[in-house]
Number of protein chains: 2
Amino acid sequence: MDTGKYTGILRENGIKVTPQRLEVLRFLDENRVHPTADDIYRTLKKDNPSLSKTTVYNVLDILSKYGLVEVLTISGTESRYDYGSTRHQHFLCTSCGRIVDIHIKGLCMDCMPEKGHKVEEVHGYFKGTCRDCLKGIGA
Amino acid sequence: MDTGKYTGILRENGIKVTPQRLEVLRFLDENRVHPTADDIYRTLKKDNPSLSKTTVYNVLDILSKYGLVEVLTISGTESRYDYGSTRHQHFLCTSCGRIVDIHIKGLCMDCMPEKGHKVEEVHGYFKGTCRDCLKGIGA
DNA sequence: GTATTACGTTGTAATCATTACAGATTAGGT
DNA sequence: ACCTAATCTGTAATGATTACAACGTAATAC
Ligand SMILES: [Mn+2]
Ligand SMILES: [Mn+2]
Ligand SMILES: [Zn+2]
Ligand SMILES: [Zn+2]
């Protein structure tokens, strides 16, 4: 079945399985647009009226602690969440607010033990105007 | 004199000169620790009791619009401000909260017209544990 | 099978950074 | 020394996130 996929992911990471955790995980997997906590909450609330926003935050918290989701602070005003994800960078369009993935080839931002700091996360944040907005198609 | 330095910087950019703007600019120049708006406010308030926090935000706003300061969103919870500055990257220590400059040689994160997006800002954000905290000296 | 216990969820209230706004003040040109 | 537009100030509103306490649930102990 389908729910088995996310059950497995949680189990493999030693995270207790709950319906709320499964739903958030599934939403992030199926909606790769770097949603906010509120985006997730509002959407899931429709089929799950008892869902609490606190729970969404709690779930996102634990998922990020276990490295299943990445927290993006690129927008400055709210956190955005990215499912699992191979290493890639992000571009924030200051016109439409969308965050798009950027894949930079041959750019190793990782692996630099600069001055003895222990690096655990690497983020490349670009800002500007996205292609669609440049063409006048933007949101 | 000394205040002339910042007066000149503002004039060159066509920004009207006010005591508040001079003070914020001087503070950022002399305190290169990526302070928050509140850090700036609390410090300047001592010698300038009538200073309003709104003014600090307004000044930081205009300075960033003219490219005189860079706004960092690395911490996620609050903006940090960086004076003028040549191109460099930032490392956030998740233990002590300090943001330290990282200078990566030969790494050009700039100049990539990826997929037609117009890139206006480039930020390299690293997170982890800083050297001092690793040694147990951390704040 | 029931009591115990730990963990998760929920709703509400608090927090904290930032923004909105309206009235007082000031910089810069006349 | 005026005038006017721009700036500054204090307070109130906003919005995201966190704190907290009551409640639900599911595993474990007896
Ligand atoms: Mn992404
Ligand atoms: Mn810096
Ligand atoms: Zn856009
Ligand atoms: Zn540190």
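The model shown is predicted, which means the values in this text are computed figures rather than measured ones. Here is the naming used below: chain letters follow the sequence lines, and residue numbers restart at 1 for every chain.
For residues 10-33 of chain B, there are no ring pair (Phe, Tyr, Trp, His ring centres under 6.0 Å) pairs, not counting sequence neighbours.
Across the helix from dG1(C)-dC30(D) to dT30(C)-dA1(D), the helix axis at one end is tilted relative to the axis at the other end by 30° (nearest 10 degrees, each axis from five pairs).
Residues passing the salt bridge (charged side-chain N to carboxylate O under 4.0 Å, His left out) test with Lys53(B), sequence neighbours excluded: Asp38(B). In this structure, Tyr81(B) has no side chain to side chain donor-acceptor pair (under 3.5 Å) partners at least two apart in sequence or on a different chain. Remark: Asp29(A) pairs with Lys5(A), Tyr6(A), Arg32(A) by the side chain to side chain donor-acceptor pair (under 3.5 Å) rule, at least two apart or across chains. With sequence neighbours excluded, the residues that form a salt bridge (charged side-chain N to carboxylate O under 4.0 Å, His left out) with Asp39(B) are Arg42(B). With sequence neighbours excluded, the residues forming a side-chain contact (heavy atoms from CB on, under 4.5 Å) with Glu120(A) are Lys118(A), Thr94(B), Thr129(B), listed by chain and number. A search for salt bridge (charged side-chain N to carboxylate O under 4.0 Å, His left out) contacts involving Glu23(A) returns Arg26(A), not counting sequence neighbours.
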- Item | Summary of protein contacts for nucleotides 1-13 of chain D, nucleotide by nucleotide, where a base hit scores B, a sugar-phosphate-only hit scores S (4.0 Å, heavy atoms) | -----SSSBBB--
Give the table of side-chain donor-acceptor pairs shorter than 3.5 Å for residues 73-80 of chain B, with sequence neighbours excluded, one pair per line with atom names and distance.
residue	atom	partner	partner atom	Å
Thr73(B)	OG1	Thr73(A)	O	3.0
Ser75(B)	OG	Thr77(B)	N	3.2
Ser75(B)	OG	Thr77(B)	OG1	3.4
Ser75(B)	OG	Glu78(B)	N	3.3
Ser75(B)	OG	Glu78(B)	O	3.2
Arg80(B)	NH1	His34(B)	O	2.7
Arg80(B)	NH2	Gly97(B)	O	2.9

Can you give me every donor-acceptor pair (side chain of residues 56-67 of chain B, partner residue at least two apart or in another chain, under 3.5 Å) with its distance?
residue	atom	partner	partner atom	Å
Asn58(B)	ND2	Thr54(B)	O	3.4
Ser64(B)	OG	Leu60(B)	O	3.3
Ser64(B)	OG	Asp61(B)	O	2.9

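Side-chain contact between Asp132(B) and Arg98(B) is present, with at least one heavy-atom pair separated by less than 4.5 Å.
Running 5' to 3' along DNA chain C, contacts with non-hydrogen atoms of chain A at under 4.0 Å begin and end at dC7(C) to dT12(C).
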